2 protein chains.
Amino acid sequence: MENPPMIGKNIQKIRMRNSLTLNVLSERSGVSKAMLSQIESDKVNPTVATVWKIARGLGVDLQDLLDVEAGPKRKFVINRSEMSASLDTGENGVMIKVLSPLEMAGDIEVYILQFDSKCSLPSEPHYSGTEEYLTVLKGSVKVTAGNNTTELHKGDFLAYHCDIFHTIENASASPAVVHMVVRYYQQHHQKR
Amino acid sequence: MENPPMIGKNIQKIRMRNSLTLNVLSERSGVSKAMLSQIESDKVNPTVATVWKIARGLGVDLQDLLDVEAGPKRKFVINRSEMSASLDTGENGVMIKVLSPLEMAGDIEVYILQFDSKCSLPSEPHYSGTEEYLTVLKGSVKVTAGNNTTELHKGDFLAYHCDIFHTIENASASPAVVHMVVRYYQQHHQKR
DNA sequence: GAAATTTGTTCAATATAATGAACACAGCAA
DNA sequence: TTGCTGTGTTCATTATATTGAACAAATTTC
């Protein structure tokens with residue numbers, strides 16, 4: 001969204017579609033008829049509370065009145081060879097492959113984690129609201145978040161919040177492979 | 001969304017997370033420091049234009065400031081045995097295991113797809129904005145979306161929009177296994 | 001320690017969102 | 001024609017969002 005949203009036309013479109021009159025919408029929403037007219041012709045900058053009332057009166061969600069720009073559809077193919085070089089985490093024995101391309105960073109990221117025997121991968125807390133989805137492809141691992149430990153074996157799936165310190169550990173004598181998805185609810189950006 | 005949104009706390013949370021001061025955010029957004037303070041303490045009903053400026057200054061989308069508080073934190077462990085029975089798709093030869101629990105349906109869903117040799121899985125268009133993330137765990141598959149076909153081999157990763165008719169096909173003579181994540185951008189809601 | 005800088009908060013003034021009433025223009029009935 | 005009922009638009013007033021400056025409290029600097 002590059003420009004301030006043009007809510008006026010959206011509201012009018014939805015109102016027309018439902019064959020509602022300004023008087024009726026005014027009654028249903030609690031917003032004066034005059035205000036509705038001025039908003040629809042983009043003559044004023046309405047308050048979010050007012051727009052919310054209108055959305056309620058129309059029976060739609062607030063998001064529907066704000067311009068939801070479709071945004072460019074993305075399609076990324078990452079061949080195994082083009083894949084970004086494996087990261088080393090300082091902790092030895094863990095190989096991290098980033099499957100998702102850089103353009104998706106901060107939105108949703110996909111990794112393959114390869115654990116040697118007897119090694120672990122600690123993680124700092126991510127941004128609040130972030131979630132991780134683990135699928136064990138080979139071997140078994142122990143996931144500890146806070147004071148909560150879960151043991152996972154091949155084929156198991158785990159979804160958990162990761163805004164606290166957490167660690168993934170392979171305590172067994174054989175290697176383990178984990179598919180991991182990190183999803184950021186609100187995209188983060190550079191620090192000051 | 002049943003009550004008018006509490007944008008104040010959301011704005012403050014994001015600003016704090018990025019260690020931004022009111023002065024800095026004021027410069028970046030073009031909204032006065034005084035206004036920012038009052039908005040964060042929910043003392044006024046800001047204009048949509050103002051909130052949009054703030055979102056721009058924070059580098060986030062307008063939706064992120066209006067979003068209702070992120071519900072209860074979830075943690076799901078799905079053992080391989082407890083996993084929902086494999087779905088049959090009508091098309092023979094494709095086994096679909098749903099890793100993510102029912103509570104996550106419509107938000108983000110995780111599957112393991114097992115393809116026998118020479119079989120395919122067609123899919124109706126999902127909701128607009130939906131994306132799929134494929135990781136090939138074994139074998140190779142061909143993904144066709146619209147008139148666009150991509151060939152993937154073991155270890156490859158693919159991210160693509162799936163609001164059009166698309167199909168995943170295993171043309172080879174050996175079975176294939178695919179890890180698939182479906183992510184719905186806007187939660188769908190009831191029509192009027 | 002005191003002064004200077006930075007934090008976020010309130011204050012009075014201004015710009016403007018929001019309102020109810022009056023308005024203009026339609027279609028429709030006598 | 002003359003009303004009459006409904007549409008959406010402007011008008012004058014009120015309510016309030018927004019601002020720059022002044023403010024107090026915490027932190028840094030000398």
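Worth knowing before you read on, the calculation uses all heavy atoms, side chains too, and leaves out hydrogens, waters and symmetry mates. Computed from a prediction, not measured in an experiment: that's the story for all the values here. Chain letters run A, B, ... following the sequence lines, proteins first and then strands; every chain starts at 1.
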For this session: Look only at the side chain of B:Ser41 and the backbone of B:Ser37, and say whether a donor-acceptor pair between them is shorter than 3.5 Å.
Result: yes
For this session: Let me have a per-nucleotide readout for nucleotides 8-13 of chain C, 5' to 3', with B, S or -, counting only protein heavy atoms under 4.0 Å.
Result: BBBB--
For this session: May I ask you to decide if B:Ser174's main-chain N or O and B:Asn170's side chain share a donor-acceptor pair within less than 3.5 Å?
Result: yes
For this session: Nearest whole angstrom, please: distance from the C1' of C:dA17 to the NZ of A:Lys53.
Result: 11 Å
Problem set entry | Set of salt bridge (Lys or Arg N to Asp or Glu O under 4.0 Å) partners for B:Glu40, sequence neighbours left out | B:Arg15
Problem set entry | Minimum heavy-atom distance A:Val178-A:Phe115, with the two atoms named | CG2-CE1, 4.1 Å
Problem set entry | Distance, rounded to the nearest Å, where A:Ile39 contributes CD1 and D:dT10 contributes P | 15 Å
Exercise. For A:Leu25 and C:dA18, what is the distance between atoms CG and C1' respectively, to the nearest whole Å?
Worked result: 15 Å
Exercise. Roughly, in whole Å, what's the span from CD1 in B:Ile7 to C1' in D:dA17?
Worked result: 12 Å
Exercise. Think B:Thr47 has a side-chain N or O under 4.0 angstrom from the OP1 or OP2 of C:dA17?
Worked result: no
For this session: Work out which heavy atom in B:Ser140 is nearest to a heavy atom in B:His153; give both atom names and the distance.
Result: CB-ND1, 3.3 Å
Exercise. Got A:Ile54 and A:Ile7 here, is their nearest side-chain heavy-atom distance under 4.5 Å?
Worked result: no
